[in-house]
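In what follows, every heavy atom counts, from backbone to side chain, and hydrogens, waters and symmetry copies are set aside. So that the names make sense, note that chain A is the first sequence line, chain B the second, and so on, each numbered from 1.
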2 protein chains.
Amino acid sequence: MADVADLQDEGEKVAPSSAVMGAGVQSVDRALGILEVLARTGESGVTELAVELGVHKSTAFRLVATLEAHRLVEQTSDRGRYRLGMGILRLAGATTARLDLVQEARPIARQLAVDTGETVNIAVLSESSALYLDQVAGTSALQPHNWVGQHIPLHATSNGKVLLSGLDEAALDAALGKLATYTPHTITGRAEFREELARVREQGYAVAVDELEIGLTAVAAPIRNAHGDVVASMSVSGPSFRLPEDRLDEVLRLVVGAAREVSHRLGWGHR
Amino acid sequence: MADVADLQDEGEKVAPSSAVMGAGVQSVDRALGILEVLARTGESGVTELAVELGVHKSTAFRLVATLEAHRLVEQTSDRGRYRLGMGILRLAGATTARLDLVQEARPIARQLAVDTGETVNIAVLSESSALYLDQVAGTSALQPHNWVGQHIPLHATSNGKVLLSGLDEAALDAALGKLATYTPHTITGRAEFREELARVREQGYAVAVDELEIGLTAVAAPIRNAHGDVVASMSVSGPSFRLPEDRLDEVLRLVVGAAREVSHRLGWGHR
DNA sequence: AGACTGCGTTCCGTCGAGCGCAACACGCGG
DNA sequence: CCGCGTGTTGCGCTCGACGGAACGCAGTCT
């Protein structure tokens, strides 16, 4: 039952593009597919969505109208295109409020932000990129433009390195695409990157200076669950001029300590 | 703005407690209903969800399984209960990145935070409570515990007053439940509160000193869209001792100016 | 202007997808 | 052990979701 009956050869190339699809309740599947398309494109019309899903225009419309009734999507104007709506944010608020990872990590992250004066982030691995779960602003006015929910490349960030360091060889290969170059300091050699990961594993922390963006420095340490797996990563990041070499040692000590504290609260080292 | 709602007079057997429901594609409607229930309860079992929606267990299971395939829900353990998942957060990231309100407001909010030294929030009206969309921390270490996605009572906050001031009588009645008392300064009289709203409308800003919490002061101004409707509210809040009467004038000037600037960027006053 | 092409939206008849039923596998407590 | 509670799975019947086609409206080309 793998292939969906695509009987219409209207001429349009039937490209399932990307998504799970094909598993579960058909109409719900399609509706969620719409959300994913909108997340990717930012904004789409009914016709566009219909082509993307390989369904009739009217079908796409009915689905999107249902989503709209629940405020998960909204249209830019009457008779306009569609985009993701506020309902998503409401759900997201309820999600983070309940995730015990965020729950446990938040007070510690806040203290870390106060101690270092820089921005603290918590990220998890999600489909070959880093998903930022939470962010606590530093005391300085100069803040990074990241935001919860953003996708960040794994090989050019301290968080990414930490998260990858917890994977075995097979999973690593799957998660690691090609290593894009962002700055002259980005590590792009595969062998070289594996060495870096070994170093991270050994040291228990990761550093990235100017690797994603010139002038941006970040350090990160792993958060482990009761089984000892790396489930998340906690980082401190800020402008490189505020995080010079001689200050990094101090910051590293704080980050590693904070991450270990969260790990303990999640049950690591108990039993 | 045709309402899709009233085509049929509810043949439902059991009261679906709360939610939109009854409009659009049935199975999608139910699936989204599940998300809303999970957002409310935090965690539920299949059977529980089934009775909540008034459907058969197996139906609820199939729906929740589809949601799980898209990572919008996850189960606490194999054969365990269900809760909202990371997929929601991914969608939320894509949402905030594209919502032009947040997009436009963020740099201005940040500047306002720098100028005042206090925390800036942006909130919208969402089902008879305030939904906080964005937050920029002030320069001081002492920060409020709020977070994006939280629901806050409308009648005891400056943001809430501003948002309510944009409604007509009918909508106001619908949005306003009973006026709970939080502190001795909370306005609880209905007539009194309407006078306060009239003042807010006239002045173009709202103030709340010790009304939600003793020691917490906040001021807010409306953000308008191209049609002139109040779509959001921007506030500055901090400890009352840092925001004494004689400083409020200055802060108010800044807030009103910032909110007006955002409104302009959203097309207000243009043509 | 007028024809034309694209959009989002609506109506309707049909047929297969999704529903409820019932049976299943498992965990718990009496 | 049995009963009762989960979450999970096949299976036929039926009703709800689907695609086709037409509509109203906005631009755009001729």
Side-chain angles (χ1 to χ4, degrees), chain A residues 1-12 14 21-34 37-38 41 43-70 73-83 85, chain B residues 1-8 10-14 16 21-34 37-38 41 43-69 73-83 85:
Chain A
M1 49 101 74
D3 77 346
V4 231
D6 36 10
L7 22 125
Q8 53 169 184
D9 23 349
E10 272 296 310
E12 297 297 319
V14 215
M21 308 288 286
V25 179
Q26 191 192 56
S27 49
V28 175
D29 235 352
R30 290 170 167 174
L32 301 183
I34 288 181
V37 170
L38 287 177
T41 63
E43 205 177 286
S44 295
V46 167
T47 313
E48 203 171 330
L49 290 170
V51 176
E52 194 81 29
L53 298 185
V55 299
H56 194 268
K57 233 179 10 162
S58 66
T59 304
F61 173 72
R62 251 173 291 115
L63 293 172
V64 87
T66 308
L67 291 170
E68 190 187 12
H70 288 253
V73 306
E74 58 191 34
Q75 41 191 349
T76 57
S77 67
D78 264 8
R79 247 156 218 269
R81 299 154 70 80
Y82 287 87
R83 66 159 79 119
Chain B
M1 60 166 236
D3 26 355
V4 232
D6 39 23
L7 356 145
Q8 69 209 25
E10 295 310 282
E12 308 280 331
K13 28 187 159 184
V14 243
M21 309 289 289
V25 179
Q26 191 192 57
S27 48
V28 176
D29 233 352
R30 290 169 167 175
L32 301 184
I34 287 181
V37 171
L38 287 177
T41 63
E43 204 178 288
S44 294
V46 167
T47 313
E48 205 172 331
L49 291 170
V51 301
E52 193 82 28
L53 299 184
V55 298
H56 195 269
K57 234 182 8 167
S58 67
T59 305
F61 173 71
R62 253 174 290 115
L63 294 172
V64 85
T66 308
L67 291 170
E68 189 186 13
V73 307
E74 58 192 31
Q75 40 190 350
T76 58
S77 66
D78 263 10
R79 240 154 225 279
R81 299 153 71 80
Y82 288 87
R83 67 157 81 121

Just the rounded figure in Å: distance from [atom2] of [N] to [atom1] of [X].
{"X": "A:D29", "N": "D:dC18", "atom1": "CG", "atom2": "C1'", "answer": "16 Å"}
{"X": "A:L67", "N": "D:dA17", "atom1": "CG", "atom2": "C1'", "answer": "15 Å"}
{"X": "A:Q26", "N": "D:dC15", "atom1": "CD", "atom2": "C1'", "answer": "15 Å"}
{"X": "A:E68", "N": "C:dT10", "atom1": "CD", "atom2": "P", "answer": "11 Å"}
{"X": "B:L49", "N": "C:dG20", "atom1": "CG", "atom2": "C1'", "answer": "17 Å"}

* At what angle, to 10 degrees, do the two end axes of the helix from C:dA1-D:dT30 to C:dA23-D:dT8 meet, given five pairs define each axis? -> 40°
* To do: Could you pick out which residue, A:T47 or B:A60, lies toward the 5' side of DNA chain C when each is mapped onto its nearest nucleotide?
  => A:T47
* Closest-nucleotide 5' rank along DNA chain C - winner of A:S44 and A:V28 -> A:S44
Can you give me the closest heavy-atom contact between [X] and [Y], atom names plus distance?
{"X": "B:E43", "Y": "B:E48", "value": "O-OE2, 4.3 Å"}
{"X": "A:A60", "Y": "A:I34", "value": "O-CD1, 4.1 Å"}
{"X": "A:S44", "Y": "A:V37", "value": "OG-CG1, 4.3 Å"}
{"X": "B:V46", "Y": "B:Y82", "value": "CG2-CE1, 3.7 Å"}
{"X": "A:T66", "Y": "B:V25", "value": "OG1-N, 2.9 Å"}
{"X": "B:T59", "Y": "B:R30", "value": "CG2-NH1, 4.2 Å"}

Do any N or O atoms of the protein come closer than 3.5 Å to N or O atoms of nucleotides 8-10 of chain D, and which pairs are they?
residue	atom	partner	partner atom	Å
D:dT8	OP2	B:Y82	OH	2.7

* OP1 or OP2 of C:dA17 sitting under 4.0 Å from any side-chain N/O of A:S27? -> no
* Check whether any side-chain nitrogen or oxygen of A:R30 sits under 4.0 Å from OP1 or OP2 of D:dA17, and answer yes or no. => no
* Of the nucleotides C:dG18, D:dC18, C:dG20, which has the atom closest to the A:V25 side chain? -> C:dG18
Looking at [atom1] of [X] and [atom2] of [Y], how far apart are the two atoms once the value is rounded to the nearest 0.5 Å?
{"X": "B:R81", "Y": "B:R83", "atom1": "CZ", "atom2": "CZ", "result": "10.5 Å"}
{"X": "B:E74", "Y": "B:L38", "atom1": "CD", "atom2": "CG", "result": "10.5 Å"}
{"X": "B:H56", "Y": "B:T47", "atom1": "NE2", "atom2": "OG1", "result": "10.0 Å"}

